[in-house]
Amino acid sequence: MVTIRVYGVLRLDSGVKMLEAEAENVQEVFKLVFEESRRIKPNSGITMKDVKGCMVVVNGKMVKPNAKLNHGDEIMLVPASGGG
């Protein structure tokens with residue numbers, strides 16, 4: 001089991017704050033977060049592209065979207081933000 005925490009505008013728009021689930025890789029995490037956002041806020045407008053556009057941090061280290069996960073990992077999804 002892994003713990004997934006969602007931050008920033010993705011948290012606000014999706015309604016997902018934290019999930020505990022079985023996931024073997026980051027791609028599965030994206031799918032889990034997207035499905036949970038649809039369950040919580042069916043009309044939120046969140047897309048899989050929004051979820052996959054997040055920076056992924058596992059146990060304090062940035063990882064690539066193809067990273068494998070281990071039992072007990074802490075995953076943070078942090079949407080990129082811009083400004084100017």
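For reference, positions follow the sequence shown, starting with 1.
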Any pair counted as salt bridge (Lys or Arg N to Asp or Glu O under 4.0 Å), so long as it reaches residues 6-26, sequence neighbours left out: none
Glu74: partners by salt bridge (charged side-chain N to carboxylate O under 4.0 Å, His left out), with sequence neighbours left out: Arg5
Ser14 and Arg38: CA distance, side-chain angles, deciding distance, side chain to side chain contact (heavy atoms under 4.5 Å, CB included) verdict: CA-CA 8 Å; Ser14 71; Arg38 286 287 175 228; over 6 Å; no
Path from Met55 to Met76 over hydrophobic side-chain contacts below 4.5 Å: yes
Those residues that, when tested against Asn25, pass side-chain hydrogen bond (donor to acceptor under 3.5 Å, both in side chains) (two or more places apart): none
Contacts of Arg39 that satisfy side-chain hydrogen bond (donor to acceptor under 3.5 Å, both in side chains) - sequence neighbours left out: Glu36
ILVMFWY clustering at 4.5 Å (side-chain atoms), partners of Val16: Val2, Ile4, Val6, Leu10, Leu19, Val26, Val29, Phe30, Leu32, Val33, Phe34, Ile40, Ile46, Met48, Val51, Val56, Val58, Val63, Leu69, Ile75, Leu77
Atom of Leu12, atom of Lys41 and distance for their closest heavy-atom approach: O-NZ, 3.0 Å
Residue pairs fulfilling salt bridge (Lys or Arg N to Asp or Glu O under 4.0 Å) with at least one residue in residues 50-65, sequence neighbours excluded: none
